[in-house]
Amino acid sequence: MRLRDQVMLMPRNNWDYGFGALYAALAGLRTGGTQAAGIERLFDQRPVWTTSGRASLYAILKSLHLPAGANVGVPLFCCSVVSDAICQAGLTPRYLDSGVEDYNVSAEDIDRKRADLATVIAVHMFGHPCDMDAIAAVTDSLPVIEDCAQSLFSTYKDKPTGLLSTAAFFSFRCGKYLSAGEGSAILCADPGLRRRIAETVETFEPWSGPSMLAHALSTFAKATLYHRPWYGLVGYPVGTRLDQKLNLTAKSGFDAKQIAATHLALIETRIAGFEEKIEIQREHARMLLGELAPHGFSLPAENDGCHANWQQFALRFHDTARRDQMAQHLFSKGIDTSKYLDNIAEEARAHYGYTGDCPNAEALAKTVLLVPIHYSLRTRDIETMARAINEAAANI
Ligand SMILES: Cc1ncc(COP(=O)(O)O)c(C=O)c1O
């Protein structure tokens with residue numbers, strides 16, 4: 001790659017953690033954090049806080065008091081840290097298939113496997129709400145947990161995701177909306193279950209002052225490398241070589257920790273007015289939907305009654321070769337994309353007992369390509385990307 005292209009490489013994710021964020025986070029060290037009333041106002045409910053989505057899911061599962069080893073229905077087409085949390089809680093992932101149109105868990109597959117399940121996790125994938133009515137119809141008395149790691153500010157039938165199930169959790173890790181370093185909020189309307197969740201989280205390890213400081217500084221350094229010009233020069237080449245070995249972006253591992261005051265302070269600073277940023281991202285999605293000519297791939301769409309936050313923009317190719325050629329072409333044009341979940345079926349088979357009954361999810365894993373539309377990009381970037389995708393699609 002030429003130096004100019006390296007300098008201009010468009011990052012696949014948005015690590016929005018600059019000097020302002022560092023300052024706000026460090027202020028939390030002094031004040032001990034706040035109760036992040038912004039999130040409470042948004043949902044009209046006081047959340048329980050933990051350090052991560054995976055820790056929140058663990059706390060919810062522990063608090064449901066399910067029999068040891070019970071099956072937790074979880075979409076195969078989902079981040080593997082969710083399976084980690086299930087196993088840490090002494091339970092067993094029972095994989096569910098997804099719909100190929102919206103990438104979300106299939107209510108029909110839940111229905112088929114219903115007798116095996118003690119609870120179901122509904123992941124609002126890429127910020128597109130699941131069909132919660134269809135899920136409720138097939139789960140009846142089973143507790144349903146919403147995974148809102150990617151769906152802050154998405155709505156289903158005018159209700160925000162997070163308020164549509166037995167309990168829900170968000171993630172504010174860098175790369176997700178709010179990009180607070182780490183952090184997660186649990187929502188639960190049932191007072192008894194909420195109390196048990198809060199008690200479970202109280203047993204989690206708190207952050208020490210020095211560890212919060214070190215985490216804020218290392219997040220700031222990593223975020224710098226996730227921005228132009230450093231991304232193409234350092235972040236990308238180092239990340240692709242060392243991410244798996246050093247777990248730089250926390251794609252695996254599990255710490256049952258409380259939330260850090262630094263994360264809480266930044267969440268509180270950012271939440272007011274954050275929907276304006278999401279509107280920019282929604283506008284980027286609208287631009288791409290208007291400009292892309294889908295040859296050899298399908299465009300994402302919102303389901304009826306749903307308003308997505310467009311946390312990710314996923315193209316689904318008709319085969320793996322076309323997806324991989326598109327990724328290569330976009331990279332040569334200075335656009336980094338993500339073959340998110342490419343190896344999820346292999347990983348789930350090797351580590352979590354997946355038996356191979358989720359054909360749609362396996363196909364999605366090998367054909368989906370995420371292209372960047374984050375709010376930090378400029379309109380010009382989105383136009384460049386639309387041209388590059390159309391150009392490649394015509395030639396592949
Ligand atoms: C769908 C989904 N669920 C859960 C998580 C876990 O969140 P966290 O990284 O905060 O543990 C993530 C992100 O990693 C995710 O994308």
Side-chain angles (χ1 to χ4, degrees), residues 12-15 17 39 47-61 72-89 93 95-96 98 102-105 120-130 144-152 154 161-162 165 167-187 201 204 207 215 219 222 243-244 247-260 263-264 266-267 308-314 338-342 344 347-348 352 361 364-365 368 370 374:
R12 63 177 78 174
N13 287 319
N14 190 15
W15 278 53
Y17 199 99
I39 292 277
V48 179
W49 297 96
T50 77
T51 199
S52 62
R54 58 204 88 176
S56 289
L57 175 59
Y58 170 83
I60 295 168
L61 289 172
V72 177
V74 60
L76 176 68
F77 192 65
C78 174
C79 196
S80 64
V81 298
V82 170
S83 297
D84 266 349
I86 295 170
C87 296
Q88 291 280 345
Y95 290 103
L96 300 168
S98 295
D102 67 356
Y103 315 114
N104 279 332
V105 66
V120 168
I121 303 173
V123 184
H124 302 301
M125 209 60 186
F126 306 142
H128 290 273
C130 295
V144 175
I145 300 166
E146 273 173 279
D147 178 338
C148 303
Q150 304 184 6
S151 72
L152 181 68
S154 296
T161 59
S165 57
F169 64 93
F170 292 83
S171 167
F172 307 125
R173 184 181 292 284
C174 278
K176 304 274 191 309
Y177 282 135
L178 294 191
S179 202
E182 286 190 13
S184 171
I186 301 172
L187 299 177
V201 172
F204 289 3
W207 286 74
H215 194 271
T219 304
K222 284 187 216 171
D243 191 19
Q244 250 189 342
N247 199 21
L248 297 169
T249 53
K251 289 207 183 79
S252 61
F254 177 85
D255 268 331
K257 274 180 133 179
Q258 294 177 6
I259 194 163
H263 302 148
L264 209 48
L266 183 50
I267 291 165
N309 66 10
W310 291 94
Q311 219 262 326
Q312 297 285 2
F313 194 93
S338 166
K339 294 175 202 168
Y340 182 67
L341 303 178
D342 194 34
I344 195 68
E347 237 181 280
Y352 305 108
L364 286 174
V368 162
L370 302 184
H374 41 86

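We count ligands from 1, going down the list as the structure has it; atoms in each ligand are counted the same way. This chain uses plain numbering: 1 for the first residue, then up along the sequence.
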Under-4.0 Å heavy-atom contact with ligand 1, by part of Glu182 that carries it:
neither
Check: Asn13 side chain, Gly175 main-chain N or O, donor-acceptor pair, under 3.5 Å:
no
Show the atoms of ligand 1 that are less than 4.0 angstrom away from any heavy atom in Val123.
1 (C)
Identify, with sequence neighbours excluded, every residue that meets side chain to side chain donor-acceptor pair (under 3.5 Å) alongside Ser184.
Ser56
Under the ring-ring contact (aromatic ring centres under 6.0 Å, His included) criterion, do Trp49 and His263 qualify, and how do the steps go?
CA-CA 10 Å; Trp49 297 96; His263 302 148; over 10 Å; no
Closest to atom 12 (C) of ligand 1 (heavy atoms only, candidates Lys176, His124, Gln311, Gln312) is Lys176
Between Tyr340 and ligand 1, which part of the residue brings a heavy atom under 4.0 Å of the ligand: side chain, backbone, both or neither?
side chain
Sub-4.5 Å side-chain heavy-atom contact between Phe170 and Cys148
yes
So, does Asp147 use its side chain to make a donor-acceptor pair with the main chain of Ile121 at under 3.5 Å?
no
Assign the ring pair Tyr58 / Phe204 to parallel, tilted or perpendicular, where the plane angle (0 to 90°) is split at 30° and 60°.
tilted
Any donor-acceptor pair under 3.5 Å from Gln150 side chain to Met125 backbone:
no
Do Asp84 and Tyr352 pass the side-chain hydrogen bond (donor to acceptor under 3.5 Å, both in side chains) test, and can you show the C-alpha distance, the side-chain angles, and the key distance before you say yes or no?
CA-CA 8 Å; Asp84 266 349; Tyr352 305 108; 2.7 Å; yes
May I ask you to identify, for Ala149, whether its side chain, its backbone, both or neither come under 4.0 Å of ligand 1 on a heavy-atom basis?
side chain
Which one holds for Met125 and ligand 1: side chain close, backbone close, both close, or neither close, with close meaning a heavy atom under 4.0 Å?
neither
Find all atoms of ligand 1 within a distance of less than 4.0 Å from any non-hydrogen atom belonging to Gln150, and give their numbers and elements.
1 (C), 16 (O)
Is it the case that ligand 1 has an N or O less than 3.5 angstrom from some N or O of Gly53?
yes
Is the closest heavy-atom distance from Cys79 to ligand 1 below 4.0 Å?
yes
Where does Val82 meet ligand 1, judged by heavy-atom distances below 4.0 Å: at the side chain, the backbone, both, or neither?
side chain
For ligand 1, is any non-hydrogen atom under 4.0 Å from Arg173's backbone (N, CA, C, O), its side chain (CB onward), both, or neither?
side chain
Do the rings of Phe77 and Phe126 sit parallel, tilted or perpendicular, given the 30° and 60° boundaries?
perpendicular
Where ligand 1 meets Ser171 - atom numbers and elements under 4.0 angstrom, heavy-atom basis
7 (O), 8 (P), 10 (O)
Any idea which atoms of ligand 1 are less than 4.0 Å away from a heavy-atom of Ser52?
10 (O), 11 (O)
